[in-house]
Student: 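Sharing a structure below in structure tokens format, with a few things to ask.
Just so we're on the same page: letters track the sequence lines, and every chain starts at 1.
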There are 2 protein chains.
Amino acid sequence: MSKLPSKLPPMSAVRVFEAAARHQSFTRAAEELGMTQAAVSYQIKILEDRVGAPLFIRLPRQVRLTAKGRQLAPAVTEAFEALRNAFEGVEEMVQTVLSITTLSTFASNWLVPRLGRFRQLHPNVAVQIAVATEIVEFTQSEFDMGIRSGTGDWPGLETHVLFPNQFIPVCSPELLRGVEVQEPIDILKLPLISPSDPWWQDWFAAAGVKNVDLSRRPDNSLGVQQFEGMAAIAGQGVALINPFFFPDDLASGRLVKPFDLLATTDRSYWLVYPKARRRSAKIEAFRDWVLSEVAGDSERTVAAHVKTAT
Amino acid sequence: MSKLPSKLPPMSAVRVFEAAARHQSFTRAAEELGMTQAAVSYQIKILEDRVGAPLFIRLPRQVRLTAKGRQLAPAVTEAFEALRNAFEGVEEMVQTVLSITTLSTFASNWLVPRLGRFRQLHPNVAVQIAVATEIVEFTQSEFDMGIRSGTGDWPGLETHVLFPNQFIPVCSPELLRGVEVQEPIDILKLPLISPSDPWWQDWFAAAGVKNVDLSRRPDNSLGVQQFEGMAAIAGQGVALINPFFFPDDLASGRLVKPFDLLATTDRSYWLVYPKARRRSAKIEAFRDWVLSEVAGDSERTVAAHVKTAT
DNA sequence: GGGCTGGCATAAGGCAGCCTTATGGATCCC
DNA sequence: GGGATCCATAAGGCTGCCTTATGCCAGCCC
């Protein structure tokens with residue numbers, strides 16, 4: 001006798017009732033719902049049994065709501081209208097909002113500067129960018145896509161490689177003035193922005209310089225390539241950066257490469273998203289756009305190399 | 001691209017989502033809905049596929065709504081609340097309102113005078129009485145029960161006989177004053193309330209009086225036994241009435257029976273209702289009460305006969 | 001008035017969707 | 001570290017729902 005939430009009747013039957021009440025006709029309700037008239041009749045009967053009273057009076061060639069039916073119909077229609085609105089709102093959000101988790105420098109030095117072009121291509125998609133320093137699990141977050149650095153073996157994810165994780169020392173042209181830098185080892189004459197960055201060891205190794213001890217150098221480590229690049233541009237020292245992130249600064253000469261030697265790694269930057277959602281229109285759109293931008297980068301890089309070669 | 005009403009997702013899944021969102025837990029939602037946790041997980045996944053985005057983030061030992069889920073949950077809960085209210089309202093109406101179609105005299109001279117006792121027995125049931133002169137089809141109306149006169153062969157209906165349709169001439173004692181009424185045929189010395197009533201023929205036949213011509217008498221026919229009884233009480237003539245309808249008037253002597261001869265018919269009064277709804281509590285209550293009242297009538301009738309016999 | 005049409009009811013039958021059981025993984029807690 | 005809690009997933013069975021087919025009833029039209 002307590003106030004049990006009085007189990008709701010089967011929702012499928014309620015939905016059929018709603019349509020039938022609106023149309024005052026089982027046949028037309030069946031059409032709207034894409035099922036047969038017999039199915040509507042069946043579902044209405046289910047509901048009437050459940051409620052314990054007829055909801056329609058069966059007249060020749062038509063049905064009419066009973067008092068109980070009339071009491072029920074407006075509330076049910078209203079409730080379904082609310083549900084429809086709610087789901088439409090969410091579905092619009094699903095289609096138009098694309099949230100992506102990225103790495104800091106990728107966001108600031110690659111993605112954000114280009115986003116305007118994506119907006120022009122897809123004005124109906126709003127991109128929400130979240131910067132994360134650690135890899136974000138899709139199962140434990142609500143991002144649609146992600147930019148990651150790694151080797152690309154993430155089970156369950158669709159992956160697209162963007163460009164390699166490679167490093168080259170850069171600095172401002174002013175920093176080199178008056179300093180003789182002929183061999184890679186000469187770099188050590190200059191201040192390093194992040195001497196504790198392990199990739200320095202790799203670069204020196206690639207340059208044939210062994211046993212470099214950087215541990216005693218003052219560590220100004222900024223942690224984020226973007227800031228290291230900015231520090232280098234400001235003449236504060238030599239930074240080890242990924243040239244993909246500083247194309248304009250390299251092209252304009254704000255940053256110069258004392259040596260054309262790249263330290264490569266086994267890691268790359270990847271665009272990833274859950275395999276299960278690879279069919280989503282907004283995800284396809286963003287993926288295609290990112291890949292086309294990357295392709296443009298490569299062309300420009302090739303062009304730059306050609307120019308350098310001449 | 002037009003504004004299609006964007007098909008709603010399966011309602012069963014929505015209902016599960018509503019409970020899960022409220023509890024922030026699949027397990028507790030399953031308990032509420034009386035199903036297993038696996039079923040909840042399954043239905044949520046259905047809905048997420050349908051919506052195209054996750055609605056819950058799966059965290060260790062708990063789930064949390066995503067932004068989309070949070071957008072959806074309140075509206076869905078509200079809609080279901082409205083549905084619950086609507087169905088509760090109707091169900092209360094179903095349980096507490098009993099509508100019955102009756103014959104006019106049965107209502108005025110039998111049912112209404114006794115209804116107070118039913119109300120005392122079942123204060124939570126409100127009886128709505130509708131008087132109809134013709135038989136009302138249950139399939140084309142919304143009555144719970146009916147009082148009918150007939151032979152009781154109505155397919156699909158549960159029937160309970162109440163009392164026979166039988167007739168006896170009655171009049172006010174004043175009408176007999178100074179008139180010699182020894183034999184049935186003497187009735188003809190008195191004015192008849194409804195001489196065109198065919199049952200008069202049957203009564204005279206039962207009394208052994210043949211070929212009575214009442215066609216030339218003025219027809220004051222009132223059509224309704226109740227009124228005919230009232231006219232008789234007022235001394236306007238002899239009425240042919242069913243004694244079950246005038247127990248008090250007969251007991252008090254406001255109406256007297258010149259002869260103790262009943263004209264019987266093959267018809268009776270019946271309490272009927274659709275077989276399909278025979279389990280309804282209010283119907284059972286009303287049926288039991290009516291039958292007990294009828295049983296009381298019979299006892300009183302027997303008592304009266306005994307008294308007459310002594 | 002007889003055929004035709006439109007609308008709902010009902011029976012039979014088949015398939016799919018839903019639910020259950022069982023298990024595994026992950027984390028929290030004692 | 002072991003147990004408990006909570007969710008995901010696979011396998012499998014059953015039931016519920018939908019379809020097809022048919023019937024009935026009443027109105028309509030020629």
Student: By nearest nucleotide on DNA chain C, pick out whichever of B:Ile46 and B:Gln37 is the more 5' one.
Tutor: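 This one resolves to B:Ile46.
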
Student: Do we see a donor-acceptor contact under 3.5 Å between the side chains of B:Asn165 and B:Ser149?
Tutor: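 A pair is found: one side chain offers a donor N or O, the other an acceptor, under 3.5 Å apart.
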
Student: What integer distance in Å separates B:Ile44:CD1 from C:dC19:P?
Tutor: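 One finds 11 Å between P of C:dC19 and CD1 of B:Ile44, rounded.
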
Student: Whole-Å distance between D:dG16 P and A:Asp49 CG?
Tutor: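 The distance from CG of A:Asp49 to P of D:dG16 comes to 13 Å, rounded to the nearest Å.
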
Student: Would you say A:Arg58 reaches C:dA9's phosphate, i.e. side-chain N/O to OP1/OP2 under 4.0 Å?
Tutor: yes

Student: For B:Met11 and D:dC17, what is the distance between atoms CE and P respectively, to the nearest whole Å?
Tutor: 15 Å

Student: Check whether any side-chain N or O of B:Tyr42 sits under 4.0 Å from OP1 or OP2 of C:dC19, and answer yes or no.
Tutor: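 Checking C:dC19 against B:Tyr42, no side-chain N or O comes under 4.0 Å of OP1 or OP2.
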
Student: Between C1' on D:dC6 and NE2 on B:His23, what's the gap in Å once rounded to a whole number?
Tutor: 15 Å

Student: Report the residue (A:Val40 or A:Pro60) whose heavy-atom-nearest nucleotide on DNA chain D is the more 5′ of the two.
Tutor: A:Val40

Student: Any base atoms under 4.0 Å from A:Thr27, or only sugar-phosphate, or nothing? Heavy atoms, all strands.
Tutor: sugar-phosphate

Student: Heavy atoms under 4.0 Å, any strand shown: does A:Val63 hit a base, just sugar-phosphate, or nothing?
Tutor: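 Sugar-phosphate only.
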
Student: Among D:dT20, D:dG27, D:dT5, which nucleotide sits nearest the side chain of A:Arg61?
Tutor: D:dG27

Student: For A:Leu47 and D:dG16, give me the distance from atom CG to atom C1', rounded to whole Å.
Tutor: 16 Å

Student: Under 4.0 Å from OP1 or OP2 of C:dG6: is there any side-chain N or O of A:Gln62 that close?
Tutor: no

Student: Has A:Asn242 got a side-chain atom pairing as donor or acceptor with A:Pro164's backbone, closer than 3.5 angstrom?
Tutor: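 Answer holds: yes.
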
Student: Nearest whole Å is fine: how far is C:dG17 P from B:Arg15 CZ?
Tutor: 19 Å

Student: Starting from P on D:dC7, measure out to CZ on B:Arg64 and report it in whole angstrom.
Tutor: 14 Å

Student: Can you find a side chain N or O atom of A:Lys45 that sits less than 4.0 Å from OP1 or OP2 on C:dT10?
Tutor: yes

Student: Does A:Thr36 make a side-chain N or O approach to OP1 or OP2 of D:dT19 shorter than 4.0 Å?
Tutor: yes

Student: Select one nucleotide: of D:dT19, C:dC8, D:dC7, the one nearest the side-chain heavy atoms of A:Ala39.
Tutor: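 Nucleotide nearest to A:Ala39's side chain: D:dT19.
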
Student: Which nucleotide sits closest to the side chain of B:Ser12: C:dC18, D:dA21, D:dA26?
Tutor: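 Among the listed nucleotides, the one closest to the side chain of B:Ser12 is C:dC18.
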
Student: Provide, to the nearest angstrom, the distance between the CE atom belonging to A:Met35 and the C1' atom belonging to C:dC8.
Tutor: 14 Å

Student: What class does the angle between the rings of B:Phe118 and B:Phe286 fall in, given that below 30° is parallel, 30 to 60° is tilted and above 60° is perpendicular?
Tutor: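 Aromatic pair B:Phe118/B:Phe286 classed perpendicular.
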
Student: Grab the two heavy atoms, one from B:Ile46 and one from B:Ala13, that are nearest each other, plus how far apart they are.
Tutor: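 Answer, listing the atom of B:Ile46 first, then B:Ala13: CG2-CB, 4.4 Å.
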
Student: Which nucleotide wins on minimum distance to the side chain of A:Phe26, given the candidates C:dC8, C:dT20, D:dA21?
Tutor: C:dC8

Student: Backbone N or O of A:Ser25 within a donor-acceptor pair of the A:Gln62 side chain at under 3.5 Å?
Tutor: no

Student: Would you call the rings of A:Trp110 and A:Trp289 parallel, tilted or perpendicular, where under 30° means parallel and over 60° means perpendicular?
Tutor: perpendicular

